[in-house]
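As the structure is a prediction and not an experimental result, all values here were calculated from the model. Heavy-atom basis, side chains included; hydrogens, waters and symmetry copies ignored. Just so you know, ligand 1 is whichever comes first in the structure, and atom 1 is the first atom listed for that ligand.
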Amino acid sequence: MNIILLGPPGCGKGTQAKLLQERYGVVQLSTGDMLRAAAKEGTALGRKAGAIMNEGKLVPDDLIVSMIAERIEKPDCRNGFILDGFPRTVAQAKALDAMLEEKGLRLDHVIELDVDEKVLFARIEGRAAEAAGAVRADDNPETLRKRLAVYREQTAPILPYYRDKGRLQQVDGMQSIDEVARQLVVIIEGV
Ligand code: AMP
């Protein structure tokens, strides 16, 4: 089962992806987590990505696409994966389509968590407070503002890309974590 979770930073994609991972035994593939791990290790990709991430900008498509192409070949993806934070541009969405076709894989669900931007600020501030000591360098109001602008300009156009293909499903991400999780299960299990 292969799923894409879409939505702006702070919409709850990561939280829901982890819950789906536990429930269905599929792997959460968070490109943000992968890049942060690479930055921590100090790999060539990590060094390049780290600076871009701290500015709230997007890492170049070709780097991200090859990172994901490699990752979904790993044995733990055999049962499926939840893409969290990818694709983030129409070019990435098209590259993903081509990649899946080449590998004989398909997307089962493309789900947007729809949220109100004002509430996102409160959430990100809460996340920064919770993680005291281990705060993400890009979890601050100034960078969030940039990340939201990048989302509107570069990522939101992938919503009509999937909608036009009849693939886009939506869940109201302003509800409680449990309620969002419940509605995702309804979509996935078709009940
Ligand atoms: P996230 O944890 O998903 O919020 O991602 C954190 C940062 O990693 C983003 O602000 C980007 O700089 C970078 N990033 C994550 N995923 C992607 C992607 N699919 N394309 C480009 N940049 C990405």
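Partners of Ala93 by side-chain contact (heavy atoms from CB on, under 4.5 Å), not counting sequence neighbours, listed by chain and number: Pro87, Ile158, Tyr161, Tyr162.
Of all the atoms in ligand 1, the ones that sit under 4.0 Å from a non-hydrogen atom of Thr31 are 15 (C), 16 (N), 17 (C), 19 (N). Near Gln92, with a cut-off below 4.0 Å to any heavy atom, the atoms of ligand 1 are 18 (C), 19 (N), 20 (N), 21 (C). Residue Arg36 approaches ligand 1 through these ligand atoms, each under 4.0 Å from one of its heavy atoms: 2 (O), 6 (C).
With a 4.0 Å heavy-atom cut-off, ligand 1 is reached by the backbone of Val59 and by its side chain too. With a heavy-atom cut-off of 4.0 Å, Leu58 touches ligand 1 through backbone and side chain alike.
Among Arg147, Met53, Arg88, the residue whose heavy atom sits closest to atom 5 (O) of ligand 1 is Arg88.
Between Asp84 and ligand 1, a contact under 3.5 Å exists for no N or O pair. Checked by distance only, ligand 1 and Leu35 stay at 3.5 Å or farther apart across all their nitrogen or oxygen atoms.
One finds no salt bridge joining Glu101 and Arg106 here, because no Lys/Arg side-chain nitrogen approaches an Asp/Glu carboxylate oxygen to under 4.0 Å. A salt bridge between Glu142 and Arg145 is absent, with no side-chain N of the basic residue lying under 4.0 Å from a carboxylate O of the acidic one.
Across all their heavy atoms, Arg47 and Gly42 have their closest contact at NH1-O, 2.7 Å. Nearest heavy-atom pair across Leu148 and Glu117 is CD1-OE1, 3.9 Å.
At least one donor-acceptor pair under 3.5 Å links the side chain of Lys13 to the backbone N or O of Gly7.
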